[in-house]
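Below is one structure, written out as structure tokens, with a few remarks after it.
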Amino acid sequence: MSVKKTLINSIWFGVIPKISTLVNVILLPIITPYLTSEDMGIWGVITGYVGIFASISSLGLYVHLTNSYYEYGKRFHYVWGRLLFLILLASSFCSLVLFAILAVSLDDLPLGIRLLVSGLATFPVLFSGNTLLAQHLYPLLGEPKPLVLRNLFASLSGITTTFVFIYVLKLGYLGYVFGAAVNALVGFLLFIPSIWIQNKIRPVFFKSKQRIVSLLRISFPAIPHALGFIFLSSSSRIIMNLYEVPIGDIGLYTNGYIIGDYISIITTAIITSLVPQIQVAYRSRNFDKYRSLYYFSQSVCLFAILFFVIWMPQLYDLLIKNEELKQSIVISQYSCFANAVFPFYTFMSTICFIEKRTDQLLWLVFFPGALNVILCIIFIPIFGYKAALVTTIVSYWSQILIPFFVKFHKKKTRIWLGDLRKSLLLLSLLIVMMCIATCLSEMCLINKILVSLLLCVVVCGYLKYCGTKAIV
């Protein structure tokens, strides 16, 4: 794959899907006057439960998708059909449990509204199967458009629904509930022709207990892995709420974290576009190629984060028209660097999936997530929401140290990366870059432009001389 095609796929897989995110940001100043803290509280409870069940509803069966694609060749769609059946069955069960929990938890709402909200809130779990398969299928096929355009249409449909319900109908949190339901349902329906018919991946009923147990034995350890992401990204806000941190502080933290998380577009895009090459490199035991791909993706990630952190104040001036929310600029800058280890995590976790050692995924996400929960419980009562920012960074960066303490990851990382001290170099580089970038962000506009031009020259040179070698 050429550098040009990789960058084009990166835009399709990573940037274009975020058009909906940009639309959401643009609409914030328009819809927030019609929302109350109670609206956001109800929506927060709903998304908290939905996030938990969404992370477990697939039973981790997605770990079989990529492996079976390579192992079964042209017959992979038979395996995927069986997996789709199990995923839809598990999602249906999880949706029923979620409905019951929400119907009890939202007891402040009238019974009729409570049942309606609880039912609609299950849609992102109930109708997640097709989207899950599509997110694995089209990157493997190297075809971003069928995935991206359908997801984008579904997202924009949900956003439009949310806008109408909140801005036009003045129905508050119901806008978010109906919007999420429409997004999930439209996405599910749009992928039926392309997945079920065109690619012949239809739910295949089977009742071989031995086969099901065999699949679940490998997939189950991926559930804590998925929960770990929630612990890393959302636990701090939940704990802040439990400790009754002022809602304004939680709002600042949330805003800064979300804006900073947008920068992960770049890292996610690069990794997604390189998935086939990463898989082939490791499966063929071409560890030099595997290492070169890591250096490439990690370097692009760091360059992108450095650029966006430098320009973060200007990005806030452009996107956030609320002076109070602009206090979260520093939070967004530091949260960018929390996500900087995503390439390192990806290259370690890919090995777990390929070798079917999903039990080792616990070390990569669940334990850093648990660390984040513990640190938040200890320090948020003392230092407030600012403690959550530090604990999140520490928890994410702890992934770099895993190869030093876990035998499996130590052995595998030495094979593809070489000297483990290189990971310590990454940690040191992150600390230095974070300090430098936040200082550079306070420079005058002219100096920022000059620094950015210099950075662009360095990036172009890297892509020309090193990037081509890595990905061609």
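Numbering of residues begins at 1 and proceeds along the displayed sequence. Only a predicted model underlies this, so the values are computations on that prediction, with no experimental measurement involved. All heavy atoms count here, side chains included; hydrogens, waters and symmetry mates do not.
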Hey, what's the ring geometry for [X] with [Y], parallel, tilted or perpendicular (30° and 60° as the breaks)?
X: F344; Y: W416; value: tilted
X: F342; Y: Y345; value: tilted
X: F123; Y: F127; value: perpendicular

Looking at [Y], is its backbone amide N or carbonyl O close enough to the side chain of [X] to form a donor-acceptor pair, meaning the two atoms are under 3.5 Å apart?
X: T162; Y: G175; answer: yes
X: Y396; Y: G369; answer: no
X: T350; Y: F347; answer: no
X: H77; Y: N199; answer: no
X: S118; Y: L115; answer: no
X: R82; Y: V204; answer: no
X: N24; Y: I159; answer: no
X: H136; Y: Y69; answer: no

Could you please spell out the steps behind the side-chain contact (heavy atoms from CB on, under 4.5 Å) verdict for V148 and K145? CA-CA 5 Å; V148 173; K145 292 184 181 180; 6.0 Å; no
With a 4.5 Å heavy-atom cut-off, do [X] and [Y] have their side chains touching?
X: L147; Y: Q135; answer: yes
X: N151; Y: Y138; answer: no
X: L84; Y: R202; answer: no
X: P146; Y: S194; answer: no
X: F408; Y: W363; answer: no
X: L89; Y: F93; answer: no
X: P343; Y: F296; answer: no
X: L65; Y: W80; answer: yes

Residue pair [X] / [Y]: nearest heavy atoms and the distance that separates them:
X: L98; Y: A121; result: CD2-O, 4.0 Å
X: I305; Y: A340; result: CD1-CB, 3.5 Å
X: M312; Y: I329; result: CG-CG2, 4.0 Å
X: I87; Y: L132; result: CD1-CD2, 3.8 Å
X: T392; Y: L232; result: CG2-O, 4.1 Å
X: V341; Y: Q399; result: CG2-OE1, 3.3 Å

Criterion side-chain contact (heavy atoms from CB on, under 4.5 Å) on L102 and V117, from CA distance to verdict: CA-CA 8 Å; L102 288 175; V117 169; over 6 Å; no
If you count every heavy atom of other residues, nucleotides or ligands that lies below 6.0 Å from [X] atom [atom1], does the total exceed 12?
X: Y78; atom1: OH; value: no
X: R283; atom1: CZ; value: yes
X: F85; atom1: CZ; value: yes
X: F153; atom1: CZ; value: no
X: K170; atom1: NZ; value: yes

Regarding N130 and W196, do their side chains bring together a donor and an acceptor under 3.5 Å, going by distance alone? yes
Going by atom types alone, do Y282 and Q277 pair a side-chain donor with an acceptor below 3.5 Å? no
Would you please test K386 and V390 for side-chain contact (heavy atoms from CB on, under 4.5 Å) and show each step? CA-CA 7 Å; K386 294 181 180 178; V390 177; over 6 Å; no
How many angstroms lie between [atom1] in [X] and [atom2] in [Y], if you round to the nearest 0.5 Å?
X: L389; Y: Q333; atom1: CG; atom2: CD; value: 10.5 Å
X: L371; Y: F366; atom1: CG; atom2: CZ; value: 12.0 Å
X: F163; Y: L156; atom1: CZ; atom2: CG; value: 13.5 Å
X: N372; Y: T391; atom1: CG; atom2: OG1; value: 4.5 Å
X: F191; Y: I197; atom1: CZ; atom2: CD1; value: 14.0 Å
X: I402; Y: L362; atom1: CD1; atom2: CG; value: 10.5 Å

Begin from the C-alpha positions of Y173 and L109 and carry the test side-chain contact (heavy atoms from CB on, under 4.5 Å) through to its verdict. CA-CA 12 Å; Y173 70 90; L109 301 178; 3.3 Å; yes
Name the one of C94, S95, S91, S58 that satisfies side chain to side chain contact (heavy atoms under 4.5 Å, CB included) with S128? S91
